[in-house]
**Student:** 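Sharing a structure below in structure tokens format, with a few things to ask.
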Amino acid sequence: MKKESEHVALARKYRPQVFDEVLGQPSVSVTLKNALASGRLHHAYLFTGPRGVGKTTMARILAKALNCEKGPTPLPCGTCDACREIAASRCLDVLEMDAASHTGVDNVRQVIIDTVSLAPSRDRYKVFIIDEAHMLSTQAFNALLKTIEEPPPHVVFILATTEAVKIPATIASRCQRFRFRPVPAELLARHLVLLAGKEGLHVEPGALELLSRSAEGSLRDAVSLLDQCGSAGGEAVTEALVRDLFGFVPQDMLLGVLKAILAKDERGLAGWIPALYAEGIEPAQLLRDLRSACEVLYLQALGLETTADPGLRLLEGSAEQFSFLLRRLDKALGELRFGDSPRLTLELGLFDCLGSAADLGAWVKRLEELERRLGPDSPKASRGEGEGKAVPPASRPAADVAHPQGGEEPDGAAAQAWQSAIAALREEKAALAATLEQARLAVVRGAWTVTFARPFDRDSAERGRALIEAKLASTWGKSVHLEFFVGQNGHRPADELVDPVVTSSPAAQAGTWKDAAEASPAVEPPAGFSKAQHVLGGKVRIVKKPAP
Ligand SMILES: Nc1ncnc2c1ncn2[C@@H]1O[C@H](COP(=O)(O)OP(=O)(O)OP(=O)(O)O)[C@@H](O)[C@H]1O
Ligand SMILES: [Mg+2]
Ligand SMILES: [Zn+2]
């Protein structure tokens with residue numbers, strides 16, 4: 001392996017030096033070369049596009065083309081003083097300003113305004129390259145405006161940015177704009193093979209596909225990922241190394257999860273979850289990997305692309321199916337950013353991928369199936385033998401709509417009565433009805449609890465209690481006492497979660513379920529439990545397992 005000190009970053013080592021070496025930006029290269037060949041030069045250019053696709057590189061090549069001793073020329077020689085100094089970023093007449101660290105108007109004055117009228121010290125043109133131009137302050141842009149509008153004849157501006165929308169129209173309209181594109185994965189892969197060859201690295205096809213796919217169109221990213229592989233693994237860049245190094249989900253797991261999703265095999269999907277956690281997979285990584293696989297599969301289903309990945313190639317599905325999955329995965333990824341429970345978000349996201357979660361009935365059915373799977377001691381499995389069954393605490397509190405009075409009432413009757421009561425209330429007190437609509441109702445063995453997101457809402461409900469209970473009495477058929485709570489997302493706060501019905505149930509007292517604290521080793525909730533939790537509501541506070 002190379003020593004740290006000798007190692008030059010590959011991205012820097014292989015920075016393109018002439019237009020034709022810049023990959024994936026043909027329209028930019030061709031237009032610039034033509035302009036140079038015909039002498040129709042502009043005095044201000046705006047290079048826009050995603051990061052790592054050659055904007056700065058192209059700006060330096062343009063500077064060389066303008067200032068090369070043999071220039072202006074579409075093919076700078078690369079050997080004259082100007083070419084060499086520009087390539088090394090130490091040419092006095094080519095000033096690079098990183099706007100990200102020099103946002104202020106003073107910097108613009110110092111670097112640009114004050115020097116712009118001075119003649120170039122040696123070269124033909126004074127070239128100002130303003131990188132990350134969108135970072136300039138409004139004042140700085142204003143200061144620049146006049147100069148860009150009427151620069152002295154020997155001055156050329158090149159603004160580069162990843163965020164074109166942040167460039168004021170007054171500036172953008174005075175520049176000739178070039179759009180840089182993300183580099184297609186195939187081209188990235190070909191480039192990596194080339195560099196790997198030069199560096200004496202052997203890259204497995206699977207590794208190559210992963211690297212080029214995860215670079216997401218950025219050549220810089222692709223090259224530096226390869227660089228890291230080289231430093232970590234010596235000469236052989238295997239797929240396993242890449243997965244390990246960058247935390248990708250192992251292929252068999254990814255394929256397993258995808259297969260289960262495509263087959264709508266809930267059981268199979270649930271089966272993968274513990275394995276993924278055991279492997280230490282980050283929820284975000286799994287969702288991203290699934291997303292990128294679905295992207296490939298979507299393009300493949302449309303007939304636009306075929307993947308080199310033999311595993312993926314075998315997965316069958318329609319374009320609609322994959323676009324549905326992409327939307328679901330995107331949603332889950334978005335939620336991950338805000339949620340405080342990544343695993344819950346992941347599991348919900350995965351199960352969401354199986355299909356519509358819109359109707360509660362389907363969820364309840366799934367939930368029952370899930371509970372049945374939790375084992376023979378599962379409370380639902382032996383339901384119907386009367387009252388007093390111990391119930392896993394994590395699933396019990398704040399049940400959305402459980403069965404009042406031990407399951408005598410039809411499913412959802414309480415919910416229906418509640419909704420009708422709210423509807424009746426709406427006639428008289430619309431605001432109160434709206435507040436209740438936002439709240440979460442739980443009915444557990446005859447105890448009715450209503451949980452509000454904000455104390456303010458609870459207080460208004462408290463003020464309207466008599467009215468609410470009266471409406472409910474008439475829709476439910478008997479009088480009901482409501483308990484009001486405040487909790488996050490409409491859940492009761494953790495310290496209020498202990499349900500008196502549960503703790504006083506005979507089986508619970510007999511110790512059918514043990515506290516995780518006493519049980520050793522500590523138990524994890526069973527796979528898929530978070531989904532049950534989602535359906536039922538509530539938070540996991542303690543995990544208990546059946547006593548041996
Ligand atoms: N189109 C390309 N062809 C060949 N190599 C490229 C290309 N784009 C980027 N690279 C490689 O990535 C490195 C960085 O590219 P460059 O600085 O030009 O990207 P950029 O578009 O300016 O990115 P940023 O927006 O992050 O500044 C280069 O040194 C080069 O090795
Ligand atoms: Mg750049
Ligand atoms: Zn030259």
Side-chain angles (χ1 to χ4, degrees), residues 8-30 32 36 45-89 91 93-94 96-102 122-125 127-135 158-164 166-167 178-196 198-199 211-212 215-228 230:
V8 179
L10 291 187
R12 189 135 54 88
K13 190 164 164 190
Y14 295 106
R15 190 188 273 280
Q17 297 300 328
V18 292
F19 288 112
D20 289 347
E21 284 171 8
V22 181
L23 295 170
Q25 314 299 345
S27 66
V28 181
S29 301
V30 168
L32 288 174
L36 285 157
Y45 297 90
L46 176 59
F47 290 176
T48 64
R51 66 205 168 77
V53 296
K55 298 181 299 297
T56 305
T57 304
M58 194 76 91
R60 290 198 188 145
I61 296 175
L62 177 57
K64 282 198 292 193
L66 290 167
N67 280 343
C68 174
E69 270 177 17
K70 311 211 170 69
T73 166
L75 191 65
C77 75
T79 51
C80 70
D81 288 347
C83 281
R84 280 187 297 115
E85 285 176 16
I86 293 169
S89 296
C91 175
D93 290 324
V94 176
E96 284 190 39
M97 183 176 137
D98 179 12
S101 48
H102 300 89
R122 175 196 62 203
D123 298 343
R124 212 167 288 117
Y125 290 98
V127 182
F128 293 92
I129 299 175
I130 308 178
D131 235 331
E132 312 295 335
H134 63 274
M135 298 290 282
I158 307 172
L159 278 61
T161 181
T162 47
E163 292 177 58
K166 291 193 186 158
I167 304 290
F178 288 91
R179 289 184 173 78
F180 286 64
R181 314 243 179 270
V183 180
E186 279 167 51
L187 214 53
L188 290 177
R190 239 186 292 151
H191 189 55
L192 290 183
V193 169
L194 195 86
L195 295 198
K198 291 186 184 171
E199 291 291 306
L211 292 175
S212 44
E216 292 181 338
S218 163
L219 254 164
R220 187 204 291 112
D221 287 1
V223 173
S224 58
L225 289 173
L226 177 69
D227 210 354
Q228 288 180 54

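Everything numeric here is computed off the predicted structure, so don't read it as measured data. All ligand and atom numbering here is 1-based and tracks the order in the structure.
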**Student:** Contact between ligand 1 and Pro16 is defined here as a heavy atom of the residue under 4.0 Å from a ligand atom; is it met?
**Tutor:**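 Pro16 counts as a contact of ligand 1 under the 4.0 Å cut-off.
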**Student:** Between Lys55 and Gly49, is there a donor-acceptor pair closer than 3.5 Å when you use the side chain of the first and the backbone of the second?
**Tutor:**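 Between the backbone of Gly49 and the side chain of Lys55 there is a qualifying donor-acceptor contact (under 3.5 Å).
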**Student:** Would you say Arg220 and ligand 1 have an N/O pair spaced under 3.5 Å apart?
**Tutor:**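 Min N/O separation from ligand 1 is below 3.5 Å for Arg220.
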**Student:** Rounded to the nearest 0.5 Å, how far apart are CZ of Phe19 and CD of Gln25?
**Tutor:**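 Here the rounded value is 12.5 Å.
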**Student:** Tell me which protein heavy atom sits closest to atom 1 (N) of ligand 1, plus the residue, atom name and distance to 0.1 Å.
**Tutor:**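 I find the closest protein heavy atom is Leu23 O, 2.8 Å.
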**Student:** For Tyr14, counting its heavy atoms only, list the atoms of ligand 1 lying under 4.0 Å from any of them.
**Tutor:**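 Near Tyr14, meaning under 4.0 Å from one of its heavy atoms, ligand 1 has 31 (O).
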**Student:** Would Arg15 and Thr57 count as having a side-chain donor-acceptor pair, cut-off 3.5 Å?
**Tutor:**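 Present: a donor and an acceptor within the cut-off.
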**Student:** Starting from atom 25 (O) of ligand 1, which protein heavy atom do you reach first, and at what distance in Å?
**Tutor:**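 So the nearest neighbour among protein heavy atoms is Lys55 NZ, 2.7 Å.
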**Student:** Does Arg12, at its CZ atom, have more than 12 non-hydrogen atoms belonging to other residues, nucleotides or ligands within less than 6.0 Å?
**Tutor:**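 Open.
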**Student:** Within this structure, what is the CZ-CG distance for the pair Phe178 and Leu32, rounded to the nearest 0.5 Å?
**Tutor:**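 Rounded to the nearest 0.5 Å, the CZ-CG separation comes to 4.0 Å.
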**Student:** For ligand 1 and Thr57, I'd like to know whether there is a polar contact (N/O to N/O, distance under 3.5 Å).
**Tutor:**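 So ligand 1 has an N or O lying under 3.5 Å from an N or O of Thr57.
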**Student:** Going by side chain to side chain contact (heavy atoms under 4.5 Å, CB included), Ile130 matches just one of Asp98, Leu159, Thr161. Which one?
**Tutor:**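 Only one option passes, and that is Leu159.
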**Student:** Evaluate the side-chain proximity of Arg181 to Val53: yes if any heavy-atom separation is below 4.5 Å, no if none is.
**Tutor:**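 Heavy-atom side-chain distance check fails, nothing below 4.5 Å.
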**Student:** Look only at interatomic distance and state if Val183 has a nitrogen or oxygen under 3.5 Å from any nitrogen or oxygen of ligand 1.
**Tutor:**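 It does not: no N or O of Val183 is found under 3.5 Å from an N or O of ligand 1.
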**Student:** Could you tell me whether some N/O pair between Val53 and ligand 1 is separated by less than 3.5 angstrom?
**Tutor:**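 Yes, at least one N or O pair falls under 3.5 Å.
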**Student:** With heavy atoms only and a cut-off of under 4.0 Å, state how Met58 meets ligand 1: side chain, backbone, both or neither.
**Tutor:**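 The answer is neither.
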**Student:** Which atoms of ligand 1 sit under 4.0 Å from any heavy atom of Thr162?
**Tutor:**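 Numbered from 1, ligand 1 contributes 25 (O).
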**Student:** With a cut-off of 2.8 Å, does Thr57 place any N/O/S atom under that distance from the Mg ion (ligand 2)?
**Tutor:**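 No, Thr57 does not qualify, because none of its backbone or side-chain N, O or S atoms lies under 2.8 Å.
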**Student:** Would you say Val223 touches ligand 1, if touching means a heavy atom closer than 4.0 Å?
**Tutor:**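 Val223 does not count as a contact of ligand 1 under the 4.0 Å cut-off.
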**Student:** Is there a polar contact, in the sense of an N or O pair closer than 3.5 Å, between Asp131 and ligand 1?
**Tutor:**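 There is no such contact.
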**Student:** Contact between Arg60 and Ser89 at the side-chain level, heavy atoms closer than 4.5 Å - yes or no?
**Tutor:**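 Yes - at least one pair of side-chain heavy atoms lies under 4.5 Å apart.
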**Student:** Applying the side-chain hydrogen bond (donor to acceptor under 3.5 Å, both in side chains) criterion to Tyr14, which one of Lys198, His191, Glu199 satisfies it?
**Tutor:**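 Of the listed residues Lys198, His191, Glu199, the side-chain hydrogen bond (donor to acceptor under 3.5 Å, both in side chains) partner of Tyr14 is Glu199.
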**Student:** Should the proximity of Val22 to ligand 1, defined as any heavy atom under 4.0 Å, be assigned to the side chain, the backbone, both, or neither?
**Tutor:**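 Both backbone and side chain of Val22 come within 4.0 Å of ligand 1.
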**Student:** Do Lys64 and Cys91 have side chains that approach each other closer than 4.5 Å (heavy atoms only, starting at C-beta)?
**Tutor:**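 They are not in contact (no side-chain heavy atoms under 4.5 Å apart), so the answer is no.
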**Student:** Is the number of heavy atoms from other residues, nucleotides or ligands under 6.0 Å of Gln17 CD greater than 12?
**Tutor:**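 Correct, the count exceeds 12.
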**Student:** Can you report which non-hydrogen protein atom sits closest to atom 30 (C) of ligand 1, along with the distance?
**Tutor:**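 Of every protein heavy atom, Ala11 O, 3.6 Å lies nearest to atom 30 (C) of ligand 1.
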**Student:** Got a second to check how far Thr73's OG1 is from Leu36's CG, nearest 0.5 Å?
**Tutor:**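 Result: 7.5 Å between the selected atoms.
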**Student:** Any nitrogen or oxygen of Leu219 lying under 3.5 Å from a nitrogen or oxygen in ligand 1? Just yes or no.
**Tutor:**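 In this structure, Leu219 places no N or O atom under 3.5 Å from an N or O of ligand 1.
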**Student:** Where the Zn ion (ligand 3) is the corner point, what angle links SG of Cys68 with SG of Cys77, to 10°?
**Tutor:**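 Vertex at the Zn ion (ligand 3): approximately 100°.
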**Student:** Can you tell me if Gly52 contacts ligand 1 (heavy atom of the residue under 4.0 Å from the ligand)?
**Tutor:**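 In this structure, Gly52 qualifies as a contact of ligand 1 - some heavy atom is under 4.0 Å.
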**Student:** Closer than 4.0 Å to some heavy atom of Thr56 - which atoms of ligand 1 meet that?
**Tutor:**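 Ligand 1 atoms under the 4.0 Å threshold to Thr56: 17 (O), 18 (O), 20 (P), 22 (O), 27 (O).
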**Student:** So if I count the atoms of ligand 1 from 1 in the order they appear, which ones are less than 4.0 Å from some heavy atom of Glu132?
**Tutor:**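 That gives atoms 27 (O) of ligand 1.
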